[in-house]
Amino acid sequence: MTNLDEKRIAETHNSLDGSATDMNSLKDLLRDIDSGEINELAVVAEGEERTTWFVWILVMCSTISGLLFGYDTGVISGALVTIGSDLGPETLSNGQKEFITSATTLGALLGGLVAGVLSDWTGRRLVLAIADVIFIGGALAQAVCHDVWSMIGGRFLIGVGVGLAACIAPLYIQELSPTRLRGRMVVLNVVMITLGQVIAYAIGAGFFHVHGGWRWMVGLGAVPAALQVAFLFFLPESPRILVRRGNKEAAHAIMTKIYAHAKPEEVDLKVKVLQAAVQRSIEITQRTTFIQRFKSMIFDPVNRRALIVGCGMQAFQQLCGFNTLMYYSATLFKEIGFDQPTAVGLIVSGTNFIFTLIALKWIDHIGRRKIMIWSAPGMVVGLTLASIAFHFMTKKTGGNLIDGTDYSKTWSAIVLLSMILFVASYATGLGNVPWQQGELFGLEVRGIGTSLATATNWAGNLLIGSTYLSLMAKITPSGAFGFYAGLCLLGWLFVLACFPETAGLSLEEVKMVFRNGFGIRESQRLRKVKKEIRSRDKVRRAGIEAEREDEKEKGRIATEVQDAIP
């Protein structure tokens with residue numbers, strides 16, 4: 001590892017005027033990035049910055065995309081049980097319900113596939129604006145439709161917006177956030193997703209007995225989208241994108257606002273370190289084509305491992321079956337005998353929201369890997385309990401759920417309890433961690449990597465959402481939930497074998513983890529090295545501050561002595 005001695009660190013702190021020492025330090029940074037080691041200069045530049053209101057405002061405006069994502073995926077649950085004959089048929093068939101639900105997912109798959117790549121070309125902010133315009137169009141199209149196919153078209157349009165927003169909002173937030181809070185900032189977007197689902201269920205419950213109320217449910221999704229379009233005029237572009245474009249002055253101006261409590265020379269250092277870290281991606285981008293970079297996702301071992309982890313976690317998130325609850329919970333609770341199925345669904349979405357707040361508190365302290373290892377078994381237990389409950393509850397109906405049957409209230413309550421346990425475990429870990437995907441990839445392939453990972457998410461969502469009702473009919477509810485429990489167990493084993501810890505590492509440092517294997521031990525080593533460097537720097541800073549105080553005290557005494565001389 002490159003170790004800068006105390007004299008060079010002190011010089012870096014005190015003089016950042018483009019000196020030879022400073023340039024040598026930045027060259028050291030580039031060499032350390034190539035060798036896969038933590039660089040002291042980068043750690044010093046990170047510092048322990050106070051988070052400003054500017055950063056929180058940026059993040060909150062960005063997380064409106066998460067609110068839209070949650071609302072538009074959650075609202076369909078209440079809409080499906082209240083549409084009635086408004087779209088032509090007397091009642092919607094299972095196939096029509098699956099088509100309406102899956103149209104959103106298909107649109108999101110296509111939107112997610114192009115989002116990251118498009119944002120590398122246009123910037124992150126413009127893609128969010130495009131998503132908002134699509135949200136507005138899709139919400140209005142659903143609100144005025146009068147047949148099944150126009151409803152499917154509106155849901156598809158909404159899906160494209162969801163796919164764009166789901167990919168870019170976390171990526172944009174990650175590139176604006178300080179390292180020590182990056183996980184928490186991205187979880188804020190997930191908090192807004194769950195809040196959007198809660199709002200969708202609450203509005204669904206409110207309009208449950210209103211004729212044509214489902215039109216209000218889907219149409220109200222245009223309101224937050226319009227708000228975010230207005231806010232985007234005041235949001236900056238990602239500093240990494242600006243540096244990559246060669247616009248160092250604009251990047252410096254944004255960094256000055258993000259780190260408003262830092263000294264000017266400290267901001268200068270942050271920009272120079274960022275510029276050095278981005279330099280490698282600029283060089284790769286300049287000498288390669290898009291097709292070559294796309295191929296590198298498969299043939300470059302570092303990128304391939306990152307892609308396996310990113311796509312694997314997103315597949316796990318969907319194949320666990322969680323979104324079937326978001327789409328069909330009202331239908332499910334209606335069939336097992338609850339009089340207010342949408343209100344009961346609100347309990348599930350409320351649990352999701354509350355436990356996401358727990359993840360918000362702890363994801364940067366505990367770490368992504370530990371949260372996943374501890375929370376995934378709770379999902380397996382919850383789904384297994386649901387499978388057992390459905391088995392005994394449906395014995396008198398041949399294992400199948402038949403609407404209108406008077407099922408045991410005890411077993412219905414156990415189903416609800418098992419769903420709460422499953423959702424609480426999901427929200428604590430799996431609902432959040434896969435959306436940290438942007439930190440897995442180097443800047444030169446970050447757009448491609450996040451697009452492929454997000455597309456994997458929606459492909460899994462499409463598979464689960466389009467087969468759930470059919471699966472329930474073919475292998476019984478007990479079999480379906482047992483099947484999802486088995487998939488959750490496989491996902492947990494994947495985490496144990498392949499998922500490294502990235503908390504505390506900068507976006508540029510995470511890439512080092514995958515140099516040799518999936519980097520579970522390597523990530524722990526790099527985090528330990530970084531912690532040691534940070535501790536030494538704190539001691540060094542304290543020493544410098546003490547020397548300054550001594551000099552001030554000596555100066556004060558000298559002044560007093562001088563004044564005392566007649």
Check: Can you list the steps and then say if E444 with K511 is a salt bridge (charged side-chain N to carboxylate O under 4.0 Å, His left out)?
Finding: CA-CA 11 Å; E444 69 277 2; K511 187 177 179 180; 2.6 Å; yes
Item checked: Derivation of the side-chain contact (heavy atoms from CB on, under 4.5 Å) call for E175 and R124 -> CA-CA 10 Å; E175 292 185 341; R124 317 301 191 205; 2.8 Å; yes
Notebook entry, point to check: Taking it one step at a time, do N457 and W435 satisfy side-chain contact (heavy atoms from CB on, under 4.5 Å)?
Noted result: CA-CA 10 Å; N457 178 289; W435 293 115; 3.6 Å; yes
Next item on the list: Starting from the C-alpha separation in whole Å, work towards a yes-or-no answer on side-chain contact (heavy atoms from CB on, under 4.5 Å) for D120 and R244.
Entry: CA-CA 10 Å; D120 280 347; R244 186 165 150 180; 4.2 Å; yes
Checklist line | Check against side-chain contact (heavy atoms from CB on, under 4.5 Å), C320 and L430 | finding: CA-CA 9 Å; C320 73; L430 191 58; 4.0 Å; yes
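You'll find the side chain of I373 reaches within 4.5 Å of the side chain of W492, heavy atoms only. Looking at H252 and D268, their side chains come closer than 4.5 Å, going by heavy atoms from C-beta outward. Within the 4.5 Å cutoff, side-chain heavy atoms of F422 are placed close to those of F322. Residues F499 and I520 form no side-chain contact, since every pair of their non-hydrogen atoms from C-beta on lies 4.5 Å or further apart. Proximity of L176 to I258: side-chain heavy atoms (C-beta onward) are separated by under 4.5 Å at one or more points. Between R446 and L507 there is a side-chain heavy-atom pair separated by less than 4.5 Å. Side-chain contact between L113 and L452: present, with at least one pair of heavy atoms (C-beta onward) separated by less than 4.5 Å. A 4.5 Å side-chain heavy-atom check between F514 and L440 finds at least one atom pair inside the cut-off.
A donor-acceptor pair shorter than 3.5 Å cannot be found between the side chains of N516 and E522.
Residue T288 holds its OG1 atom at 4.5 Å from CZ of R293, rounded to the nearest 0.5 Å. In this structure, OH on Y426 lies 8.5 Å from OG1 on T356, to the nearest 0.5 angstrom. Summarising the geometry, atom CD belonging to Q437 is positioned 10.5 Å from atom CG belonging to L307; distances are rounded to the nearest 0.5 Å. Rounding to the nearest 0.5 Å gives a distance of 3.5 Å between OG1 of T502 and CD of E439. Atoms OG1 and CD1, from T105 and I464 in turn, are 10.5 Å apart once rounded to the nearest 0.5 Å. Put simply, CD on Q317 and OG1 on T456 are 11.5 Å apart, with the number rounded to the nearest 0.5 Å.
When all heavy atoms of V445 and S296 are compared, the pair lying nearest together is CG1-OG, 3.9 Å. For the residue pair F441 and M297, the shortest heavy atom distance occurs at CE2-CE, 3.6 Å. Across every non-hydrogen atom of Q436 and Q174, the tightest pair is O-NE2, 3.2 Å. Shown here for G163 and W458, the closest heavy-atom pair between the two residues is CA-NE1, 4.0 Å. Shortest non-hydrogen contact noted between L235 and S62 is CD1-OG, 4.2 Å. V114 and S451 make their closest contact through C-OG, 4.0 Å (heavy atoms, listed as atom of the first residue, atom of the second, distance).
When the shell of 6.0 Å around CZ of R304 is examined, it contains more than 12 heavy atoms from other residues, nucleotides or ligands. Annotation: F494, atom CZ; neighbour count of heavy atoms from other residues, nucleotides and ligands within 6.0 Å is above 12. The 12-atom threshold is exceeded at CZ of F54, counting heavy atoms of other residues, nucleotides or ligands nearer than 6.0 Å. Within a 6.0 Å sphere centred on CG of N247, heavy atoms belonging to other residues, nucleotides or ligands number more than 12.
Of the possible donor and acceptor atoms, none in the side chain of R287 sits under 3.5 Å from a partner among the backbone N and O of I282. When atom types are taken as modelled, the side chain of D364 and the backbone of R184 share a donor-acceptor pair closer than 3.5 angstrom. With hydrogens and angles ignored, the 3.5 Å screen pairs a side-chain donor or acceptor of S506 with a backbone N or O of E509. Between the side chain of S387 and the main chain of L383, no donor-acceptor pair closer than 3.5 Å is present.
Between R527 and E501 there is no salt bridge, since no side-chain N of the basic residue sits under 4.0 Å from a carboxylate O of the acidic one.
Only one option out of I358, N432, V495, I363 pairs with I371 in a side chain to side chain contact (heavy atoms under 4.5 Å, CB included); it is I363.
Using cut-offs of 30° and 60° for the angle between ring planes, the F290 and F294 rings count as tilted.
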